[in-house]
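Excluded from the calculations below are hydrogen atoms, water molecules and symmetry mates; all remaining heavy atoms, backbone and side chain alike, are included. Numbers restart at 1 for each chain; the letters A, B, ... are given by sequence-line order, proteins then strands.
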Protein chains: 2
Amino acid sequence: MTTETPRRQPTLDEVAERAGVSRSAASRVINNAPHVSRAKREAVRRAVDDLGYVPNATARALATQQAGSVVLAISGDDPGMFADPFFAEVVVGVNSVLEETELELMLSLATSSRGQARLEQLLRTRQADGVMLMSLHGDDPLAALAANASVPVVFGGRPLNFEPRYYVDADNRGGARLATEHLVAAGRRRIATITGRLDEGAGMARLQGFQDALAVAGLDNTLVENGEFREDGGSIAMTKLLDRAPDLDAVFIASDQMAIGALRVLARAGRDVPGDVSIVGFNDITSARHTEPPLTTVNQPIHALGREMARMLLALMSGDQPSPLILPTQLVIRSSV
Amino acid sequence: MTTETPRRQPTLDEVAERAGVSRSAASRVINNAPHVSRAKREAVRRAVDDLGYVPNATARALATQQAGSVVLAISGDDPGMFADPFFAEVVVGVNSVLEETELELMLSLATSSRGQARLEQLLRTRQADGVMLMSLHGDDPLAALAANASVPVVFGGRPLNFEPRYYVDADNRGGARLATEHLVAAGRRRIATITGRLDEGAGMARLQGFQDALAVAGLDNTLVENGEFREDGGSIAMTKLLDRAPDLDAVFIASDQMAIGALRVLARAGRDVPGDVSIVGFNDITSARHTEPPLTTVNQPIHALGREMARMLLALMSGDQPSPLILPTQLVIRSSV
DNA sequence: CTGAAAGCGCTAACAA
DNA sequence: TTGTTAGCGCTTTCAG
């Protein structure tokens, strides 16, 4: 502890003066650079302690041309979408690796035109040294932005229209396939699916995985309804499916949210789950354990997704050229099918 | 659109030169300052467009001594605690007001000693102009940090040991009282409670609200067990309560998470909810709608909490002295008691 | 209204 | 191993 009420943060010059050395010497000591005698080094250290010196991050940033921070940007069209617990867990993953560095984390919710403009500004004014960009939609203007950004960009998930150079994604297609195969293996033959938004990479990939599995099994794959990834969308889609194919005996649903909506419709329709109709969801959200019956679903490693995005960005920032990463998903069986 | 591949961001000097004016004039135009002739003003504007000039945020920050960002810090002892959807919604609220400003949002998860040190560093190096600090525990070292920080600090929730000067809180005590009164009004007489962590302001306030209501009703208030705000804690506490008071007919549970755990125990014990035992939770998390039966609970305005924290911080930063705020909570009745 | 000049606090190239 | 000297890019007095 030093002075209780430091009027002003001491500057490097003051440290240098107090230690009786030049400013550059002080600077070297503080940055653990070589070419400083033991004696001076200690004098500076002492002065730093005495004065309670802390280097001014902004000044350093200006001199080194490095902001000292990275940004996690969530793109989308709904300002409330970040409330999805999914992102919170990504943040924890990201933080777990940033914590070991000196980099600060900025959060940019580019979920409105104003938000997107701000992100663009953030990047152009060089307030961040790198970007992690999540949840791109089909025609997302941010894709372009990312392409000619002057800092490294890693994508979380793959957008539909192009394959980013650097990304981390969950194996959505594989997971959907797994889920559907599980249904097939259980003897189900009339299998439908409720898809998520098909203008998102994840939504499309899950549909493809579903189709992959049915193709192999030689089953009909035309029982498809879109639920937009929303709970009420799931209800509506389930209603339509029941209408179109009263004899369906299983549904692969591209998100647990939608599955919850669908379960409600099934219950109301008097169908027993999983007796009459088997259901498999996707995401393994917390609620999935508390539905009736507990939901069989596909778990994706969200924490790892965040962690690997951050790792990849660090690699990029230090000049490496990491390979894209696809993280495995796995089936969590809750209600026996 | 301008040059496709700008080698380097243009500087203010380049703009000035191109416009044929002094750098100070250019600076004034860019900051909408007065004392610039119409002609020059337009010349500068044109130059800015032509060159695609964007001011360098770091340089500006150094000159103005303002970082241009604020930080939302979550303190605690569990690195995963941010995964609680609660925080995600706070973030959305905070963002909704920051979006209208030029301020960037930094996120600091001070949930480990390393994280706390980093937050401290962040503040000392002046990388942020203000702090929103959430979820302080009883002996949280960050309280002190906040006290003598050189930037404005607003608290989200009130810590136990001291009353911050500026805070936004939900009416936890009032909500708990409401919940308990609801139980009393339903004719319940043997009412227990499962508390959250009592070293947190919210945990303690909810216990007090419970006691308030029972005191008024003149009922016994000794049926208290601690569940630490965790699902398994709720199960354990419920088991103990059933043991201590097999005749209990209602439980006020300080979080929905714990309520979910408790419900499971009750079901296993063959107690009908709400027939034999009435339950009221707290927080109104998404899962609360999907329990069996749907959970009656206390909703707190999380989005508003974030929004008001941000507003208060802005007020503080502009020199005002806002009053603390307590946001109302309300009962959400799902399963008839 | 206008521009010159002096910083903001730190880093880094270059001589010594 | 040292210290001197320029910057980094922008803002802001202060004379004119």
Side-chain angles (χ1 to χ4, degrees), chain A residues 6-45 47-48 51-69 102 121 124-129 150, chain B residues 6-45 47-48 51-69 102 121 124-129 150:
Chain A
R7 268 296 133 250
R8 201 175 48 80
Q9 287 293 328
T11 69
L12 185 52
D13 295 82
E14 288 164 22
V15 170
E17 183 178 3
R18 169 108 174 199
V21 304
S22 71
R23 180 160 26 116
S24 27
S27 175
R28 289 190 185 107
V29 172
I30 284 159
N31 297 300
N32 300 312
H35 307 307
V36 184
S37 68
R38 225 186 124 78
K40 284 193 195 299
R41 185 151 246 137
E42 283 175 354
V44 171
R45 294 240 164 87
V48 165
L51 267 33
Y53 170 77
V54 178
N56 177 313
T58 307
R60 178 177 285 179
L62 182 57
T64 59
Q65 302 283 56
Q66 299 219 306
S69 62
E102 301 279 63
Q121 197 67 3
R124 297 200 64 199
T125 59
R126 285 208 127 65
Q127 283 186 81
D129 301 321
S150 48
Chain B
R7 267 299 132 247
R8 198 176 49 79
Q9 287 293 328
T11 70
L12 185 53
D13 294 82
E14 287 163 24
V15 170
E17 183 177 5
R18 170 105 173 201
V21 304
S22 71
R23 181 165 24 130
S24 22
S27 174
R28 289 189 186 108
V29 172
I30 284 159
N31 296 300
N32 300 311
H35 307 306
V36 184
S37 69
R38 227 185 122 78
K40 282 195 198 298
R41 185 151 246 137
E42 283 175 356
V44 172
R45 294 241 163 87
V48 166
L51 266 33
Y53 169 76
V54 178
N56 178 311
T58 306
R60 178 176 284 181
L62 182 58
T64 60
Q65 301 284 57
Q66 300 219 300
S69 62
E102 303 279 62
Q121 196 68 3
R124 296 200 65 196
T125 59
R126 283 210 125 63
Q127 281 184 85
D129 300 321
S150 48

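The side-chain hydrogen bond (donor to acceptor under 3.5 Å, both in side chains) check on A:Glu14 picks up A:Arg8, with sequence neighbours excluded. Not counting sequence neighbours, A:Arg126 has no partner by the salt bridge (charged side-chain N to carboxylate O under 4.0 Å, His left out) test.
Annotation: salt bridge (charged side-chain N to carboxylate O under 4.0 Å, His left out) contacts involving residues 20-37 of chain A, sequence neighbours excluded, comprise A:Asp13-A:Arg23. Note on residues 29-38 of chain B: pairs passing salt bridge (charged side-chain N to carboxylate O under 4.0 Å, His left out), not counting sequence neighbours, are B:Arg38-B:Glu42.
The residue among B:Ser37 and A:Ala57 whose nearest nucleotide of DNA chain C lies closer to the 5′ end is B:Ser37.
When atom types are taken as modelled, the side chain of A:Thr125 and the backbone of B:Val54 share no donor-acceptor pair closer than 3.5 angstrom.
We find the CD1-CZ distance between A:Ile30 and A:Arg45 to be 9.5 Å, quoted to the nearest 0.5 Å. For the atom pair OG of B:Ser22 and NZ of B:Lys40, the computed distance is 7.0 Å after rounding to the nearest 0.5 Å.
Looking at heavy atoms from C-beta onward, B:Leu62 lies out of side-chain contact with B:Thr58 at the 4.5 angstrom threshold.
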Original post:
Which letter, B, S or -, goes with each nucleotide of nucleotides 11-16 of chain D from 5' to 3', with contact meaning a protein heavy atom under 4.0 Å?
Top reply: BBB---

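For the pair A:Gln127 CD and D:dC10 C1', the computed distance is 14 Å after rounding to whole Å. Remark: P of D:dG9 and CZ of A:Arg126 are 10 Å apart, rounded to the nearest angstrom. Between the P atom of D:dG7 and the CG atom of B:Leu62 lies a distance of 17 Å, rounded to the nearest Å.
Taking the 5' to 3' direction, DNA chain C first and last meets chain B under 4.0 angstrom from a heavy atom at C:dC1 to C:dG9.
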